[in-house]
Amino acid sequence: MNYIPQIEPWIDQEELKELSEVIASTFITENRKTDEFLEGIKALTGAPYAIATSNGTLALVAALIASDIGPGDKVIVPDLTFIASSNAVRLVGATPIFCDVDRQTGCMDIESVERLIGQGVQGIMPVHLYGQIVDMDQLMALADARGLVVIEDAAEALGVTMNGRHAGTFGRFGTFSFFANKTITCGEGGVVLCNTEADYKLLYRIKNHGRDRKGVFVHDGVGYNFCFTDLQAAVGVAQLRKFGTIMQGKRRVFEQYRKAFQGVNGVTFMEPPANVSSNYWFMNVLVDDPAGLNAHLEKNGIGSRRFFYPLYAQPCNQDLQEPEQPNSQWLYEHGLSLPSGARLPEADIARVCDIVMEFVR
Ligand SMILES: Cc1ncc(COP(=O)(O)O)c(C=O)c1O
């Protein structure tokens, strides 16, 4: 029987064709293909400005530096997220402090954020987890009232909207990842969205050796090299053309799981709230024994992933001495991501559901 991976990119001849053209052009570093990719991202998200970075982690680092966050500052980060969210804060010399999450969405709980605002907190990093989105109207009202900068980690949220507005366009900065497991991929890659030309220029300098354009050797500031390549952009441009088809595929897979798990004791299928249009990045269930189910699925040739490990408990964060966050811990102890590829055949999804039900019965 075929192995069913938890996730796989939808890449084929279309990406190869774009890539061949870029290689033939000999312009392989950040150039016109990158501009084309960024135009596509702006059209999709409605953001006025976008810059490309080497990956999503460095997109966060660039946004934090542009927000002037550094040593002595604290940034509120949800306890349940991929490690890059808190690593980015630590890498600029600031301290992440962890808030709890909402059990229904897995995203930052706004009351928990409110309790942490105070001494030394300069920023908030909402993470739009697994295809869900933080209630950004509520969060922005809170942040604006308290004068805090908001950097949205929308790494997993391309295609997610709330009340029609795209994730990553609410805060001062919004970042995306194009790692191979994301809705669309460039292999590696990142984007930062922002709203003003001033912020765009600031970001561009940070990621381009402290200068406003390439090809000159007078540098106004000290900067990094977080640049993208036209090789990544070639893949990204082909992926953007498939975006609608990928989203349709994800929706189909989501609906099949939703129907199959309806009324099944012992499995809760996670669904987005009514005002959210999800990208169904990962199809998640809550069960009593996710470790056992993960092993049982693997034994049957099916890939799955445990939820992210809570940040407060991460070995690399023990020096922060952060307290346990109950909902984050609970979700870790119950959550499992099932095969979520946009091209999953109906029969494979049915097989996954059968094996899940066999385990929980
Ligand atoms: C929530 C979140 N933030 C940040 C990142 C980092 O992105 P990248 O892997 O492109 O560095 C990822 C995923 O990889 C992520 O899932």
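When a ligand or atom number is given, it counts from 1 through the structure's own listing order.
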- Message: Tell me whether the rings of Phe261 and Tyr257 are parallel (<30°), tilted (30 to 60°) or perpendicular (>60°).
- Response: parallel

- Query: Would you call the rings of Tyr130 and Trp281 parallel, tilted or perpendicular if under 30° counts as parallel and over 60° as perpendicular?
  - Reply: parallel

Which ligand 1 atoms, with their elements, are less than 4.0 angstrom from a heavy-atom of [X]?
X: Ala155; value: 2 (C), 3 (N), 4 (C), 5 (C), 12 (C), 15 (C)
X: Ala84; value: 4 (C), 5 (C), 6 (C)
X: Ser177; value: 7 (O), 8 (P), 9 (O), 10 (O)
X: Val127; value: 1 (C)
X: Gly56; value: 7 (O), 8 (P), 10 (O), 11 (O)
X: Thr81; value: 1 (C)

Among all the protein's non-hydrogen atoms, which is closest to [atom], and how far away is it?
atom: atom 3 (N) of ligand 1; value: Asp153 OD2, 2.7 Å
atom: atom 13 (C) of ligand 1; value: Lys182 NZ, 2.9 Å
atom: atom 12 (C) of ligand 1; value: Phe82 CD2, 3.5 Å
atom: atom 11 (O) of ligand 1; value: Thr57 OG1, 2.5 Å

- Partner of Leu240 under side chain to side chain contact (heavy atoms under 4.5 Å, CB included), chosen from Ile246, Ile41, Val235: Ile41

- Any N/O of Glu188 closer than 3.5 Å to an N/O of ligand 1? no

- Message: Checking the N or O distance criterion of under 3.5 Å, is ligand 1 in contact with Glu156?
- Response: yes

Is it true that the side chains of [X] and [Y] contain a donor and an acceptor less than 3.5 Å apart?
X: Ser112; Y: Asp100; result: no
X: Tyr312; Y: Gln329; result: yes
X: His128; Y: Glu152; result: yes

- Query: Hey, does the Lys NZ or Arg CZ of Arg305 hover above the aromatic six-ring of Phe282, less than 6.0 Å from the centre and inside 45° of the axis?
  - Reply: no

- Please say whether the positively charged group of Arg251, taken as NZ for Lys or CZ for Arg, lies over the ring of Tyr280, i.e. under 6.0 angstrom from the six-membered ring centre and within 45 degrees of the axis. no

- Salt bridge flag under 4.0 Å for residues Lys182 and Glu188: no

- Query: Under a heavy-atom criterion of less than 4.0 Å, does His128 contact ligand 1?
  - Reply: no

